[in-house]
*Asks:* 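Got a structure here, written out as structure tokens. Questions coming.
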Amino acid sequence: QVQLVESGGGLVQAGGSLRLSCAASGRTFNSYAMGWFRQAPGKEREFVAAIGRSGTFTSYADSVKGRFTISRDNAKNTVYLHMNSLKPEDTGVYYCAADGAGWGARSRDAYDYWGQGTQVTVSS
């Protein structure tokens with residue numbers, strides 16, 4: 001079992017930055033690839049970014065590439081999402097997720113554990 005708790009969301013103006021954190025419980029954090037997803041009102045949950053077990057592999061949705069950076073600190077059992085140049089269309093609830101297979105896939109079906117989400121609102 002892995003429990004995930006996100007933090008760092010909030011209200012920010014367009015062009016601003018936020019850093020989301022996701023703290024994981026348990027001693028096997030480095031056996032999981034980690035992903036960030038987001039869900040806007042009335043839309044499906046979509047892939048944002050993923051990172052492999054060691055942090056060497058990363059993957060991004062086209063919509064955030066060049067603006068967002070995913071990273072992890074296995075010593076702190078934490079994964080981060082650094083978000084720059086935020087746009088109103090980045091608004092949504094952001095979820096972190098753990099993938100036990102370690103692939104860092106883009107499909108939400110690949111993820112075994114999910115956090116409760118943190119709200120990000122970008123005003124224009």
Side-chain angles (χ1 to χ4, degrees):
Q1 283 281 352
V2 176
Q3 292 187 323
L4 305 171
V5 180
E6 302 97 334
S7 61
L11 173 64
V12 64
Q13 289 189 331
S17 298
L18 282 175
R19 187 185 77 164
L20 305 184
S21 300
C22 173
S25 66
R27 295 176 290 178
T28 58
F29 177 70
N30 60 4
S31 68
Y32 291 87
M34 300 297 295
W36 284 97
F37 290 75
R38 68 186 181 190
Q39 188 167 17
K43 295 188 176 181
E44 291 191 353
R45 193 172 300 187
E46 65 175 3
F47 171 78
V48 175
I51 189 166
R53 294 164 172 160
S54 67
T56 302
F57 164 81
T58 58
S59 176
Y60 297 92
D62 288 344
S63 59
V64 307
K65 199 172 295 183
R67 300 188 297 122
F68 291 11
T69 301
I70 188 170
S71 63
R72 67 188 296 163
D73 185 337
N74 285 343
K76 295 182 178 180
N77 282 11
T78 302
V79 62
Y80 304 97
L81 186 66
H82 305 258
M83 306 185 295
N84 297 319
S85 303
L86 283 160
K87 305 175 181 179
E89 51 264 43
D90 294 318
T91 294
V93 178
Y94 282 69
Y95 300 88
C96 74
D99 170 13
W103 294 112
R106 294 177 173 237
S107 170
R108 59 180 184 264
D109 292 339
Y111 290 81
D112 306 294
Y113 302 101
W114 293 83
Q116 84 289 348
T118 185
Q119 176 70 45
V120 172
T121 303
V122 184
S123 63
S124 57

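FYI, the numbering just counts along the sequence from 1.
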*Asks:* How long is the straight-line distance from OG of Ser124 back to NZ of Lys87, given to the nearest 0.5 Å?
*Replies:*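 Taking NZ in Lys87 and OG in Ser124, the distance rounds to 14.0 Å.
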*Asks:* Could you tell me whether the side chain of Asn30 and the main chain of Asn74 form a donor-acceptor pair under 3.5 Å?
*Replies:*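 Absent.
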*Asks:* Distance-only, no hydrogens or angles: does the Arg45 side chain make a donor-acceptor pair with backbone N or O of Arg108 under 3.5 Å?
*Replies:*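 Not at all, since once roles are kept as given, no pair shorter than 3.5 Å links the two residues.
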*Asks:* Is any side-chain heavy atom of Asp90 less than 4.5 Å from a side-chain heavy atom of Arg67?
*Replies:*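 Contact flag for Asp90/Arg67 side chains = yes.
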*Asks:* Taking all heavy atoms of Leu4 and all of Ala98, pick out the closest pair and write down the distance.
*Replies:*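 Looking at all heavy atoms of both residues, the closest pair is CD1-N, 3.8 Å.
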*Asks:* Distance check, rounded to the nearest 0.5 Å: Ile51 atom CD1 versus Phe57 atom CZ?
*Replies:*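 Spacing of CD1 (Ile51) from CZ (Phe57) equals 9.5 Å.
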*Asks:* Is any side-chain N of the basic residue among Asp62 and Lys65 closer than 4.0 Å to the acidic one's carboxylate O?
*Replies:*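 So Asp62 pairs with Lys65 through a salt bridge.
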*Asks:* For Trp114 and Phe37, what are the C-alpha separation, side-chain angles and deciding distance, and is it a ring-ring contact (aromatic ring centres under 6.0 Å, His included)?
*Replies:* CA-CA 10 Å; Trp114 293 83; Phe37 290 75; 5.0 Å; yes
*Asks:* Start with the C-alpha gap between Lys76 and Phe29, add the side-chain angles, then the distance that decides, and say whether side-chain contact (heavy atoms from CB on, under 4.5 Å) holds.
*Replies:* CA-CA 9 Å; Lys76 295 182 178 180; Phe29 177 70; over 6 Å; no
*Asks:* Could you see if Met83 belongs to whatever hydrophobic cluster contains Tyr60? Use Ile, Leu, Val, Met, Phe, Trp, Tyr and a side-chain cutoff under 4.5 Å.
*Replies:*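 Met83 and Tyr60: one cluster.
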*Asks:* Would you say Val93 and Leu86 are hydrophobically clustered, going by side-chain heavy atoms of ILVMFWY under 4.5 Å?
*Replies:*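 No, Val93 and Leu86 fall in different hydrophobic clusters.
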*Asks:* How far does CZ of Arg72 sit from OG of Ser21, to the nearest 0.5 angstrom?
*Replies:*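 Answer rounded to 0.5 Å: 13.5 Å.
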*Asks:* Please name the pair of heavy atoms, one in Ser59 and one in Phe47, separated by the smallest distance, quoted to 0.1 Å.
*Replies:*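 That would be O-CZ, 3.7 Å.
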*Asks:* Looking at every heavy atom in both Ser17 and Ser85, which two are closest together, and how far apart are they?
*Replies:*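 Heavy atoms only, the tightest pair is OG-N, 4.4 Å.
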*Asks:* Hey, any chance Ile70 and Tyr95 share a hydrophobic cluster, counting ILVMFWY side chains that come within less than 4.5 Å of each other, even indirectly?
*Replies:*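 No, Ile70 does not connect to Tyr95 through the hydrophobic network.
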*Asks:* Would you name the heavy atoms of Ala101 and Asp112 that are closest together and state the gap between them?
*Replies:*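 Shortest heavy-atom contact: N-OD2, 4.3 Å.
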*Asks:* Restricting to ring pair (Phe, Tyr, Trp, His ring centres under 6.0 Å), what partner residues turn up for Tyr94, sequence neighbours left out?
*Replies:*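 Result, ring pair (Phe, Tyr, Trp, His ring centres under 6.0 Å) vs Tyr94: none returned.
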*Asks:* Rounded to the nearest 0.5 Å, what separates atom CD in Gln119 from atom OG1 in Thr91?
*Replies:*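 It comes to 7.5 Å.
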*Asks:* If every non-hydrogen atom of Trp36 is compared with every non-hydrogen atom of Leu20, which pair is closest and at what distance?
*Replies:*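 What the structure gives for the nearest pair is CH2-CB, 3.7 Å.
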*Asks:* Okay, side chain of Arg53, backbone of Met34: is any donor-acceptor separation there less than 3.5 Å?
*Replies:*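 Answer holds: no.
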*Asks:* Is it true that atom CD of Gln3 has more than 12 heavy atoms of other residues, nucleotides or ligands lying nearer than 6.0 Å?
*Replies:*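 Not buried by this count: 12 neighbours or fewer within 6.0 Å.
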*Asks:* So how far is it from Phe68 CZ to Leu18 CG, rounded to the nearest 0.5 Å?
*Replies:*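 CG of Leu18 is found 9.0 Å from CZ of Phe68.
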*Asks:* I'd like to check the side-chain contact (heavy atoms from CB on, under 4.5 Å) partners of Ala14; sequence neighbours left out, ordered by chain and number.
*Replies:*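 Pro88, Val122.
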*Asks:* For the pair Asp73 (side chain) and Thr78 (backbone), establish whether a donor and an acceptor sit closer than 3.5 Å, ignoring hydrogens and angles.
*Replies:*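 Pair absent, no side-chain N/O of Asp73 close to backbone of Thr78.
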*Asks:* Within the side chain of Arg38, is there an N or O that forms a donor-acceptor pair under 3.5 Å with the backbone of Val120?
*Replies:*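 Such a contact is absent between Arg38 side chain and Val120 backbone.
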*Asks:* For Gly117, does its backbone N or O pair with a side-chain atom of Glu6 as donor and acceptor, under 3.5 Å?
*Replies:*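 Here the side-chain-to-backbone pair exists.
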*Asks:* So, for Asp99 and Ala105, which heavy atoms are closest and what is the spacing to 0.1 Å?
*Replies:*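 Smallest heavy-atom distance, with atoms named: OD2-N, 3.8 Å.
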*Asks:* Enter the distance from Tyr111:OH to Arg106:CZ here, rounded to the nearest 0.5 Å.
*Replies:*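 It comes to 9.5 Å.
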